[in-house]
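Report on one structure; see the data block that follows.
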Amino acid sequence: MTIFAGLLEVTLIGSLAALACSLVGPVLLLRKRVLLGDAVSHSLLAGIGVAYLIHPVLDSPWLRVGAAVSGCLAAWSASQLTQVLRGRADAALGLVFPFFFSIGALILALAASDSHLDVDQVLSGNLEASWLERTRLMDIDFGPTASWNLGLAVIVIATLGWLGRRDLQLHLFDPQQGQVLGRPMWLVEILVVLSATTVIVLAFDAMGPILVVTLLAGPGICAWLITKRLPTFFLASVIAGQISVVTGVGMAGTLDLNLAGSIGLMAVTLAAAVLAFAPYYGIFPKLISAKQARTRFVARLLLVHVRQHEIKGDHSIENSLESLCTHLGLSSKDVLSGANWLTTRYFAEWNAQNLATTQAGINLAKLVVEGAEIGHFNQLFQTQRPASLM
Amino acid sequence: MNTPDAAVAFACLTAGGLYGLLGSMAFLRRQSLRGDVLAHGAWPGVLLAFALTGQRSPAILGLGALVSALGMNYLISFLERQFPRLKGDAAPALLLSGSFAVASVIWSLMQMHTEGLGQAGLKSFLLGQAASVQWQDTWSLILVFALATLSVLFFWRDLPGVLFDRDQAIIQGRPVKMIEWLLELLLAIAVVTGLTIVGVVVLSALFVAIPLAVRPFTHRFGPFLLASTLLGTMIGMATPWIVISLESGFGNSGRGIPTGPIFVLAASLLAFTSLLVAHFFARKSPKELPTP
C-alpha cells in the first residue's frame, strides 16, 4: 500500500516538475537560451554551500533559498557578461557556471566533508525519495512537500504568463518592437529569468541538474516542430512533457531503472521521434517531399520534351524509353517515375513503346512552356508549406 | 620528481596550455560551450565500453568516450543542418542532457547486473581526480598537447582563414573541410583525455576563461593563440602552488583542498579581472583620425 502510494506520489511530483519545465522551456528555447538552464542548475551549488556554511542543517529550507539566490545571481551575471562580451552568450555562460560551481564544491569539500552533504548527492537528483519529505499541518499529512512547491510554482507561473501574454509574445518574437511600444520589457525579462530559476531550483531536488535541462529542452523542441502558434506551442510542450513522465515512470517501474534517468530518456526519445517524423519539418517527411519534387520536375521535363517531338513529327523514334533517357541525361528509374506521375494523372500514356501526350497533357505542356503564369504553375506543382514560427 | 605531486603539477600545467590553445580557437568559432557538451556526450560511451568489455583500462574507456564524443559532435552539426531553428542553443542542450539521461539509465542497468560497483564516479567525472593523477595520465595529456601544437603549427597559414572568413578560404582553395575536421577531432581527443584527469567543469572553465582573459588585450591571431597557451600554462603552474600554500595556511586540518575548484577559480577570477581592466581602460570614443 505504502509503495503504491509512493509510486503515485512520485509520478505526481515528476509530472508537476515536467509541467513546470515544459511551461518555461519554450520561452527559453525561443530566445535561444536553454543552456541558461544548464548553467543555473550547476550554479545552485554555490548557494547551497554558502547556506550550509551559515546554517549547517541538512534539510533546512535555507538551502533551497540559497540555491535560488545563487541561481538568480548566476543568471544576472551571465546576462551582464553577455552585454560586456557583445552578445557572446556561450562564452558568458561558460565563464559563469564553472565559477559558481567551483565555489560550491570548494565550500562543500572544506566545510561539509564530514557531514552527509556531498557533491554527488546534490548532483544526482533523487526522485525515488522525493515523496518522503511531507508537509504536515497540525499533525495532518497533506502530501509531499515537493508537489506543493511545484504546484504553487506552476500556478504562479501560468497566471503570470497568462496575464502578461501580449508582453510575453513581444519578448519572444520582437523585443525591440516591445520597447518602441513602451512595454516594460525589462520586467518581462526579469520575470522570465526568475521563474526559470524557481522552476530549476524546485525541479532540481527531484530530477538533478542535467535532467532538468532535458525536461526544459525536450518537450519544447517537440512542440517547436509541430506547432506554429504560441498557445498551441505551450499546449504541445505540456503534453509532450506529461507523455515523457508517464512513459518514463512506466519504463522505470517495469525495468527497475533510475527514475529520473528514464524520464529524461523518454523525453529525448520523444524529441528524436518528432525530429524524424514531424510533418513538413521532420527528416523523413523532408526527404519524401524532396523526392516528390524531383519526380514532378522530371515529369514536367518529360512532358515538354515528348510534346516537342510530337510537334516535330519524329515521336515514333524519339519518345521511347531509351532515347528519353539518353536525351534527358536521366536514369531509366527517374524517367519511369516521371512517366508514372504523368500517366496516373492522365497527362500522358504509353502508346506501344512510346510515351504520348493526351489532350490534358498538351494543355499542361503549353502552360509549362509559356510559363507566364508562375503563380498558377506553383499552385499546380509545389506543395504549400506553412509559414514557420519565427 | 617521481612523487605524485610532480605528476599533478605537470598535469595541471599541460592541461592549462592545451585547453588555452584549443579554447581560443573554439572561442573564435563561437563554440565555447562545445567542450562542455562533448564531455557530457562522452559519458555514455565510457559506460558502454565498460559494460561491454568489463575492463577499466583507460585505452578502452577512452576509445568509447572518443567514439561517443565524435558521434555527439556529428549529431549536433547534423541537427543544425537539418533544422535551422535549432541553431545556437537548442541542439547542444538536447544532446547534452539527453546523453546524460542515457548515461544514467545505463548506469542503473549496470548497477543491477554487476556486483560490487561502487557509487564513485559522478564527482570525479565533474571535478576530476587531481589527487590521484599518475604519471601516465600526465604523459597522455602532454602527448595530446604536442599533437595539438604540431597540427596548429602545420596549418598555421590556413587557420586564420578558416576561423575568420570561411567562404573566402574556400574560394582560395584552402583545405577548409580538413582543418575543421582536424580541429573537431583534436577537441574531442583533448576533452576525452582530460575528462578523467581534470573533469568536466575544470575543462569547460579553462576552455572559456583563458581566451576571455587574453582577448581584450590583443587583436591579432598569433599573439592571441600564443598568449592564451602561455597564460593557461601559467595558471596551471600556479594552481598546485596555491593549493599547497592554502593547505599550509589552513594548518592542514586533515582535509585536502581539492585542486579542481582552485584551478577553476584562479582561471575565472583572472578572466573577470582582465575583463574589468579592459572595460575600465577602454577608450570611450574612437581615436580621432589624423587630419592630412
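We name chains A, B, ... by the order of the sequence lines, and we start the count at 1 in each one. None of these values were measured; they are calculated from a predicted model.
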Subject >> Which atoms of A:Ile221 approach chain B - backbone, side chain, both or neither, heavy atom under 4.5 Å >> reply: side chain
Is there a donor-acceptor contact under 3.5 Å from the side chain of [X] to the main chain of [Y]?
X	Y	answer
B:Arg215	B:Thr218	yes
A:Lys286	A:Tyr280	no
A:Arg31	A:His171	yes
A:Ser237	A:Phe233	no
B:Ser24	B:Ser228	no
B:Asp89	A:Val34	yes
B:Arg85	A:Trp224	yes
B:Ser108	A:Asn258	yes
A:Ser262	A:Gly248	yes

Subject >> Winner by heavy-atom pair count (cut-off under 4.5 Å) against chain A, out of B:Ala90, B:Gly88, B:Ser204 >> reply: B:Ala90
Subject >> Proximal to chain A - members of residues 270-277 of chain B, heavy-atom separation under 4.5 Å >> reply: B:Ala271, B:Phe272, B:Leu275
Original post:
Do any of residues 82-92 of chain A have a heavy atom less than 4.5 Å from a heavy atom of chain B, and if so, which, in residue order?
Top reply: A:Leu85, A:Arg88, A:Asp90, A:Ala91
Subject >> Proximal component of B:Leu94, with respect to chain A [non-hydrogen, under 4.5 Å] >> reply: both
Subject >> Proximity breakdown for B:Leu79 and chain A, heavy-atom pairs closer than 4.5 Å >> reply: side chain
For the interface with chain B, which of [options] has the highest count of heavy-atom pairs at distances below 4.5 Å?
options	value
A:Gly282, A:Gly37, A:Gly94	A:Gly94
A:Leu265, A:Leu95, A:Val268	A:Leu95
A:Leu81, A:Leu215, A:Asp256, A:Leu36	A:Asp256
A:Leu29, A:Asp38, A:Leu35	A:Leu35
A:Leu93, A:Ile263, A:Leu225	A:Leu225
A:Val96, A:Val213, A:Leu28, A:Val212	A:Val213

Original post:
Taking side chain as C-beta onward, heavy atoms only, is B:Phe207 less than 4.5 Å from B:Asp36?
Top reply: no
Subject >> Within-4.5 Å side-chain heavy-atom neighbours: A:Phe277 and A:Ile283 >> reply: no
Original post:
What class does the angle between the rings of B:Phe164 and B:Phe221 fall in, given that below 30° is parallel, 30 to 60° is tilted and above 60° is perpendicular?
Top reply: perpendicular
**OP:** Check whether more than 12 heavy atoms from other residues, nucleotides or ligands sit under 6.0 Å from atom CZ of B:Arg30, and answer yes or no.
**Re:** no
Original post:
How long is the gap from NE2 on B:His40 to CG on B:Leu33, to the nearest 0.5 Å?
Top reply: 11.0 Å
